[in-house]
Amino acid sequence: MRQIFSTWPLLAVALGAAVSLNAGAAQPRTLAVADFSTCVKPAWPKEALRNEQTGTVTLSFLINADGGVADTQITRSSGFPLLDEAAAAGLRQCRFKPGIVDGKPVSTWQQMQYVWTLEGGPRLHVDQAGVNQYREAALAGDAEALYQLAKAYSNGAANQATTLQQFRETLDKNLADAQFELARRLETGTNAPKDPVEATAWYRKAAEAGKVEGQLELGYRYEHGKGITQSYAEAMAWYLKAAAQGNHVAENNIGLLHAYGRGVTIDFAEAAVWYRKAAEGGNAWGEGNLGMFLLYGRGVPQDLPQARQWLERAAAQRNPAAERDLALMYLNGNGVPRDDAEGLRYLRLAAEGQNVDSQIRLGLVLSHGLLGVAANPAEGVKWQRAAAKRGSAIAENNLGYAYETGSGVAQDYAAARDWYIRAAGRGNGNAQAALGGLYEHGLGVDKDPVRAAAQYQMAAAQNNPDGLYRLAALNEAGVGVPHSAPAAAAMYQQSANLGYEPAMRRLATAYQKGELGLQADAALGNAWQAKAERQAAAPRFEFR
């Protein structure tokens with residue numbers, strides 16, 4: 001069966017999403033029991049302790065069927081990578097009681113917080129009285145009050161004298177710079193309590209004073225609702241102020257708002273104008289986005305030579321989206337001579353740069369030995385896991401397939417079921433069809449044709465050719481659904497029209513023999529048989 005893995009070109013780096021189990025899991029079910037008393041307290045990283053780093057990290061973790069922790073994800077950082085990783089490493093040593101579905105242990109996700117606080121040593125104590133005394137005057141622009149406010153926020157820090165001296169030096173040079181510095185401290189929790197709302201107040205003061213970095217940061221916070229109510233209109237206004245001062249990041253961000261229709265009508269032509277400004281200023285994302293627009297003729301006439309030039313400029317700055325697009329140009333011979341080696345080089349660079357699409361594609365290349373690469377299914381699974389950690393349903397489905405077939409991992413139908421459930425819960429049609437297959441044949445779950453049909457129906461509702469074919473077969477046999485030859489014929493036809501080879505072959509036989517209520521038609525049967533043969537001879541994978 002040929003599989004097409006198509007990911008629409010992105011305008012900016014993709015954001016990850018937390019994974020969750022499909023709400024439609026089998027009943028009865030018992031949730032996993034997360035008893036943290038079984039865990040060993042994580043060791044405090046020496047460098048983090050030396051720098052008195054504190055904070056709260058929120059983690060999601062996957063309890064596998066034997067009670068171990070199979071995977072962890074940082075859902076909210078403490079602000080310090082060392083603390084985040086130490087908490088995750090400690091969590092991976094824990095043992096829990098797994099959840100139960102249909103009387104069998106299953107993998108389930110849980111969430112926890114770990115609070116890193118210093119005990120018995122020097123630590124940050126906010127002088128709240130000082131904050132109350134000086135905040136209003138500082139907001140009104142009183143420089144000395146701003147200094148005293150910074151002192152109140154950092155009261156009790158071991159390196160207070162040094163950091164306050166640095167703050168004073170900034171303040172003596174420029175009030176807006178000091179306001180921005182206080183905002184940064186409040187945002188990161190460095191020599192001040194971590195407080196995104198208060199940080200936003202000081203970014204605003206710096207922005208209103210004309211500091212371009214403050215305008216950019218305030219626009220970003222409005223765009224993403226960080227420490228403030230989300231408002232695309234306000235985000236645009238502040239980005240425009242920063243762009244008027246020549247800030248190229250703001251120019252690219254304005255392009256994104258127009259391209260995605262955030263607070264404005266989608267306007268690719270206007271987006272292209274702003275991408276070009278950012279690109280001509282040397283911004284890597286502006287270069288990559290302009291190159292992508294030129295590559296696909298979006299908002300500008302298609303111009304492959306120009307697309308290549310801009311993408312190469314962005315790739316020279318290690319922009320992963322540009323590396324992704326260059327990989328596809330070389331792999332498809334689009335605007336350049338086809339060169340699998342060069343395409344693979346860019347594909348690996350993009351994957352290493354955390355581009356999810358490229359991680360998925362590289363995983364497929366390695367799993368199936370494509371592009372002249374020796375097959376390495378275990379390495380392929382590693383890249384699919386990396387993409388799945390970023391919330392990709394495609395990667396989750398691919399991991400389910402790996403476990404179902406034993407490709408790169410030990411065959412494990414229960415693990416396949418869990419990955420398919422996660423991907424199906426995100427609406428992935430391939431996973432819905434595959435999960436239905438497990439229920440139809442009793443692999444990793446109790447055999448249940450009715451539940452199989454329900455999964456196939458969800459896939460078919462998305463025009464998924466595999467789901468349509470499987471549901472047609474159940475309708476033809478009257479298994480899990482009422483027998484209906486006309487319904488089966490219609491679904492086989494729909495699946496075949498989507499290029500699904502098994503459906504083409506079933507239609508060929510049906511027309512040749514006059515089955516499924518179809519009038520015998522040898523010519524039509526032979527035509528479908530020929531289409532099936534052509535489809536079988538086509539490449540199994542196409543990278544788009």
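Nothing fancy with the numbering, it's 1 onward along the sequence.
Using modelled atom types, one side-chain atom of Gln535 and one backbone atom of Gly499 make a donor-acceptor pair closer than 3.5 Å. When atom types are taken as modelled, the side chain of Asn397 and the backbone of Ala431 share a donor-acceptor pair closer than 3.5 angstrom. Side-chain N or O atoms of Gln302 include none that pairs as donor or acceptor with a backbone N or O of Gly297 at under 3.5 Å. A donor-acceptor pair under 3.5 Å is absent between the side-chain atoms of Ser495 and the main chain of Met491, judged by distance alone. Arg318 contributes a side-chain N or O that, together with a main-chain N or O of Leu349, makes up a donor-acceptor pair within less than 3.5 Å. Of the possible donor and acceptor atoms, one in the side chain of Arg338 sits under 3.5 Å from a partner among the backbone N and O of Leu331. Judged by distance alone, the side chain of Gln384 and the main-chain N or O of Ile360 form a donor-acceptor pair under 3.5 Å. Between the side chain of Arg221 and the main chain of Gly227, no donor-acceptor pair closer than 3.5 Å is present.
Of all heavy-atom pairs between Ala279 and Leu290, the closest is CB-CD2, 4.0 Å. When all heavy atoms are compared, the tightest approach of Asp84 to Ser77 is OD2-OG, 2.5 Å. Considering all non-hydrogen atoms of both residues, Tyr239 and Tyr220 come closest at OH-CA, 3.1 Å. A pairwise comparison of heavy atoms in Ala272 and Val300 identifies CB-CG1, 3.6 Å as the closest pair. Pairing each heavy atom of Ala259 with each of Tyr275, the nearest pair is CB-OH, 3.6 Å. The shortest non-hydrogen separation linking Ala284 to Ala314 is O-CB, 3.4 Å.
Residues Glu396 and Arg426 are in side-chain contact: their nearest non-hydrogen atoms beyond the backbone lie under 4.5 Å apart. When side chains are defined from C-beta on, Arg308 counts as touching Val336, because their heavy atoms get closer than 4.5 Å. Counting only heavy atoms from C-beta outward, the side chains of Val356 and Ile394 never approach each other to under 4.5 Å. You'll find the side chain of Gln245 stays beyond 4.5 Å of the side chain of Lys241, heavy atoms only. Using a 4.5 Å heavy-atom threshold, the side chains of Tyr260 and Ile266 count as separate. You'll find the side chain of Gln317 stays beyond 4.5 Å of the side chain of Trp285, heavy atoms only. Under the 4.5 Å side-chain criterion, counting only non-hydrogen atoms from C-beta, Met329 is in contact with Leu311. With contacts defined as side-chain heavy-atom distances shorter than 4.5 Å, the pair Leu399/Val409 does not qualify.
Both tests hold for Arg298 against Phe268: distance to the six-membered ring centre under 6.0 Å, angle to the ring axis within 45°. For the pair Lys277 and Trp274, the cation-pi test (distance below 6.0 Å, angle within 45°) is passed.
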Test log, rule side-chain contact (heavy atoms from CB on, under 4.5 Å), inputs Glu404 and Tyr420: CA-CA 10 Å; Glu404 182 181 359; Tyr420 285 145; 2.6 Å; yes

May I have the step-by-step check of ring-ring contact (aromatic ring centres under 6.0 Å, His included) for Tyr492 and Tyr469, ending in yes or no? CA-CA 6 Å; Tyr492 283 134; Tyr469 173 81; 5.6 Å; yes

Evaluate the side-chain hydrogen bond (donor to acceptor under 3.5 Å, both in side chains) criterion for residues Asp177 and Thr170: first the C-alpha distance (whole Å), next the side-chain angles of each, then the deciding distance (0.1 Å), finally the verdict. CA-CA 6 Å; Asp177 288 349; Thr170 300; over 6 Å; no

Given the rule in the side-chain contact (heavy atoms from CB on, under 4.5 Å) test, do Leu295 and Leu304 qualify, once you have shown the distances and angles that lead to the verdict? CA-CA 5 Å; Leu295 177 62; Leu304 298 183; 3.7 Å; yes

Audit row: Asn464, Gln432, side-chain contact (heavy atoms from CB on, under 4.5 Å) steps and yes/no: CA-CA 9 Å; Asn464 179 272; Gln432 290 165 344; over 6 Å; no

Go through the steps to decide whether Glu187 and Arg184 satisfy the test salt bridge (charged side-chain N to carboxylate O under 4.0 Å, His left out), and finish with yes or no. CA-CA 5 Å; Glu187 179 183 9; Arg184 187 194 62 78; over 6 Å; no

Using the rule given for ring-ring contact (aromatic ring centres under 6.0 Å, His included), can you reason through Tyr222 versus Tyr232, listing the C-alpha separation, both sets of side-chain angles and the distance that settles it, and then say yes or no? CA-CA 7 Å; Tyr222 268 118; Tyr232 291 134; over 10 Å; no

Between Trp528 and Gln493, does the side-chain contact (heavy atoms from CB on, under 4.5 Å) criterion hold? Intermediate values first, please. CA-CA 10 Å; Trp528 277 114; Gln493 180 79 48; 3.3 Å; yes

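A distance of 12.5 Å separates CZ of Arg276 from CD of Glu251, quoted to the nearest 0.5 Å. Atoms CG and CH2, from Asp412 and Trp419 in turn, are 12.0 Å apart once rounded to the nearest 0.5 Å. The CD atom of Glu181 sits 13.0 Å away from the CH2 atom of Trp202 when rounded to the nearest 0.5 Å. Gln462 CD to Leu468 CG: the interatomic distance, rounded to the nearest 0.5 Å, is 10.5 Å. We find the NE2-CG distance between His248 and Leu216 to be 12.0 Å, quoted to the nearest 0.5 Å. Taking OH from Tyr403 and CG from Asn398, the interatomic distance works out to 13.5 Å, rounded to the nearest 0.5 Å.
Residue Leu371 is tested with Leu366, Leu364, Val365 for a side chain to side chain contact (heavy atoms under 4.5 Å, CB included); the sole match is Val365.
Here Glu440 does not pair with Arg470 in a salt bridge; the nearest charged N to carboxylate O distance is not below 4.0 Å. Here Arg534 does not pair with Glu501 in a salt bridge; the nearest charged N to carboxylate O distance is not below 4.0 Å.
Thr405 and Ser407 share no side-chain donor-acceptor pair at under 3.5 Å. Looking only at atom types and distance, the side chain of Asn430 has no donor-acceptor partner in the side chain of Asp466 under 3.5 Å away.
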